[in-house]
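Heads up: the structure comes next, in structure tokens.
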Amino acid sequence: MSDTFRAFVADEKDGKYAADFRNLTTADLPAYPVLVDVAYSTLNYKDGLAVTGKGKIVRKFPLVCGIDLAGTVAESSDANFKTGDAVLVNGWGLSESESGGYTARQRLKSGHLTRIPKAFSAKQAMAIGTAGYTSMLCVIALEKAGVKPGDGDILVTGAAGGVGSVAVALLAKLGYRVVAATGRPETHDYLKSLGAAEFIARADLDKAGRPLEKARWAGAVDSVGSKTLAMVLAQTKDEGAVAACGLAGGVDLPTSVMPFILRGVKLLGINSVTASAARREEAWGRLAQDLDIAKLDAMTSVEPLSNIKDLGERILRGETRGRVVIDVNK
Ligand code: NDP
């Protein structure tokens, strides 16, 4: 078998960013102990930024893009993993400072590997990917902040996106009444099938509001940021909590202290990239228990790696729906 395989690599030439396909051999991979035959990666918002160069994601050159991967251990000099083990990686600096998942083979640090739960195939693990695992971290954070299904409606912003779709499905399965905020009314039937009970237009949140608005939400999962997150905080009920993980609408947060000091609202920051192995294990265990597989399959499309440039543009324009799995061998 030839040792040459295709990867999608970001590089810098004369200070100019360029990301494109390249043929690599295993000798080009980092000198880490576990060699993985990659089957699937995914498309997350951050991948869109890295693939197109529209965001400063890659900080070391050249570097294979792709923040997620799933596959099978081909060789391991670490006793914790053996040939044939089904493994995944989410984050841990992949496509930032570590070589990523848009490749047929990758060498990885054993501490960055998570075993794929038996409930999921490699494809399903990537259908979840960083976006879905982050949704689970958001839901766990809301639970730990004391938000219960009986407390009232839970808002999910950017609902038709990757984080949003998985959050809607998880929260509905856990018994919460989910209100989905989307800028795409054509996704209402899709979101209803995932468990959304009601809808709110993206534009109703994406505007300047008062420091406190009519209290509506017991909790929220926000992947949008900016004016939307400020509005969500202003609309959150007494002692409610908002898990903030994203910036699809912008990196600013034009809010005031009023929701915090007059309603006791809690703003919960979520960072999936460097979450500890223990938090990852908890999140993946909960996903195996609380994510409806039929809903996961319904929110997932599979695309070949050869389409990655177009897909990167499309996710940044907010045109992809749910989760996109990348078949790295096509
Ligand atoms: P997607 O593009 O799949 O989802 C984002 C959704 O946000 C879109 O589908 C759209 O939903 C909505 N949206 C897009 N543009 C805008 C806009 N200008 N204003 C308001 N809403 C908008 O991305 P992901 O789900 O992969 O990621 C979502 C966000 O979460 C990203 O910012 C990503 O970087 C962040 N993230 C953070 C992580 C962390 O560890 N903190 C981990 C994973 C993701 P609709 O059409 O329904 O309105």
Side-chain angles (χ1 to χ4, degrees), residues 41-52 54-57 66-68 90-96 126-141 155-169 178-192 194 196 199-207 221-232 242-253 267-276 279-280 283 299-301 303 311-326:
S41 183
T42 72
L43 178 72
N44 299 277
Y45 193 87
K46 198 189 228 173
D47 293 310
L49 293 171
V51 165
T52 60
K54 287 182 178 160
K56 271 199 168 206
I57 303 298
I67 68 172
D68 288 323
N90 296 132
W92 284 125
L94 262 60
S95 182
E96 297 180 66
M126 287 294 95
I128 294 166
T130 283
Y133 140 71
T134 301
S135 310
M136 192 72 244
L137 291 176
C138 290
V139 172
I140 292 171
L155 178 69
V156 176
T157 65
V163 171
S165 293
V166 179
V168 169
V178 182
V179 178
T182 179
R184 290 180 280 176
E186 66 275 19
T187 64
H188 284 190
D189 285 344
Y190 159 75
L191 289 166
K192 219 178 266 178
L194 299 182
F199 300 95
I200 173 169
R202 182 198 292 178
D204 289 346
L205 298 170
D206 185 16
K207 59 185 181 190
V221 172
D222 176 61
S223 58
V224 173
S226 192
K227 292 198 288 292
T228 298
L229 177 55
M231 183 64 91
V232 173
V242 178
C245 69
L247 45 67
V251 297
D252 59 331
L253 179 53
L267 178 57
L268 313 169
I270 304 298
N271 172 21
S272 67
V273 177
T274 52
S276 66
R279 283 184 70 208
R280 287 163 191 267
M299 71 175 81
T300 304
S301 56
E303 293 280 348
L311 291 164
E313 299 282 353
R314 284 180 50 209
I315 194 164
L316 295 188
R317 290 199 300 264
E319 289 173 8
T320 56
R321 195 188 77 173
R323 294 283 301 133
V324 180
V325 169
I326 303 296

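Counting starts at 1 for both ligands and their atoms, following the listed order.
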For [X] and [Y], indicate whether the former's side chain and the latter's backbone hold a donor-acceptor pair under 3.5 Å.
{"X": "Arg202", "Y": "Thr157", "result": "no"}
{"X": "Asn44", "Y": "Ala131", "result": "yes"}
{"X": "Arg321", "Y": "Tyr190", "result": "no"}

Which residue owns the protein heavy atom closest to [atom], what's the atom, and how far is it?
{"atom": "atom 4 (O) of ligand 1", "value": "Gly161 CA, 3.3 Å"}
{"atom": "atom 42 (C) of ligand 1", "value": "Thr134 OG1, 3.1 Å"}
{"atom": "atom 32 (O) of ligand 1", "value": "Leu247 N, 2.8 Å"}
{"atom": "atom 30 (O) of ligand 1", "value": "Gly246 CA, 3.4 Å"}
{"atom": "atom 22 (C) of ligand 1", "value": "Arg202 CZ, 3.6 Å"}
{"atom": "atom 9 (O) of ligand 1", "value": "Arg184 NH2, 3.0 Å"}
{"atom": "atom 11 (O) of ligand 1", "value": "Gly158 CA, 3.4 Å"}

Heteroatom distance test ([X], ligand 1): nitrogen or oxygen, under 3.5 angstrom:
{"X": "Val163", "result": "yes"}
{"X": "Ala131", "result": "no"}
{"X": "Ser272", "result": "yes"}
{"X": "Gly318", "result": "no"}
{"X": "Thr320", "result": "no"}
{"X": "Cys245", "result": "yes"}
{"X": "Thr182", "result": "yes"}
{"X": "Asn44", "result": "no"}
{"X": "Asp206", "result": "no"}
{"X": "Ala248", "result": "yes"}

Could you list the atoms of ligand 1 found under 4.0 angstrom from a heavy atom of [X]?
{"X": "Gly162", "answer": "1 (P), 3 (O), 4 (O), 25 (O)"}
{"X": "Ser223", "answer": "28 (C), 29 (C), 30 (O), 32 (O)"}
{"X": "Asn271", "answer": "40 (O)"}
{"X": "Gly249", "answer": "17 (C), 18 (N), 19 (N)"}
{"X": "Thr130", "answer": "42 (C), 43 (C)"}
{"X": "Ile270", "answer": "39 (C), 40 (O), 41 (N)"}
{"X": "Ile315", "answer": "2 (O), 3 (O)"}
{"X": "Ala160", "answer": "47 (O)"}

First locate atom [atom1] of [X], then atom [atom2] of [Y], and finally report the distance between them rounded to the nearest 0.5 Å.
{"X": "Glu303", "Y": "Leu311", "atom1": "CD", "atom2": "CG", "value": "5.0 Å"}
{"X": "Thr274", "Y": "Arg279", "atom1": "OG1", "atom2": "CZ", "value": "8.5 Å"}
{"X": "Ile67", "Y": "Leu94", "atom1": "CD1", "atom2": "CG", "value": "8.5 Å"}
{"X": "Thr42", "Y": "Arg323", "atom1": "OG1", "atom2": "CZ", "value": "4.5 Å"}
{"X": "Ile315", "Y": "Thr320", "atom1": "CD1", "atom2": "OG1", "value": "4.0 Å"}
{"X": "Ser41", "Y": "Asp68", "atom1": "OG", "atom2": "CG", "value": "5.5 Å"}

Hey, mind stepping through Glu313 and Glu319 against side chain to side chain contact (heavy atoms under 4.5 Å, CB included) and telling me if it holds? CA-CA 9 Å; Glu313 299 282 353; Glu319 289 173 8; over 6 Å; no
Could you tell me whether ligand 1 has any atom less than 4.0 Å away from a heavy atom of Val224? yes
At the 4.0 Å heavy-atom cut-off, does Ala159 count as touching ligand 1? yes
Are side-chain heavy atoms of [X] and [Y] found at a separation under 4.5 Å?
{"X": "Cys245", "Y": "Val163", "result": "yes"}
{"X": "Asp47", "Y": "Thr130", "result": "no"}
{"X": "Leu247", "Y": "Tyr45", "result": "yes"}
{"X": "Thr300", "Y": "Met126", "result": "no"}
{"X": "Lys46", "Y": "Val273", "result": "yes"}
{"X": "Val232", "Y": "Val224", "result": "no"}

Out of Tyr45, Phe199, Tyr190, indicate the one that has the non-hydrogen atom closest to atom 27 (O) of ligand 1. Tyr45
As a check for students: among Gly183, Gly132, Gly225, identify the option with a heavy atom nearest to atom 48 (O) of ligand 1. Gly183
Side chain to side chain contact (heavy atoms under 4.5 Å, CB included) test vs Val178 passes for just one of Leu191, Leu194, Val156, Val221, namely Val156
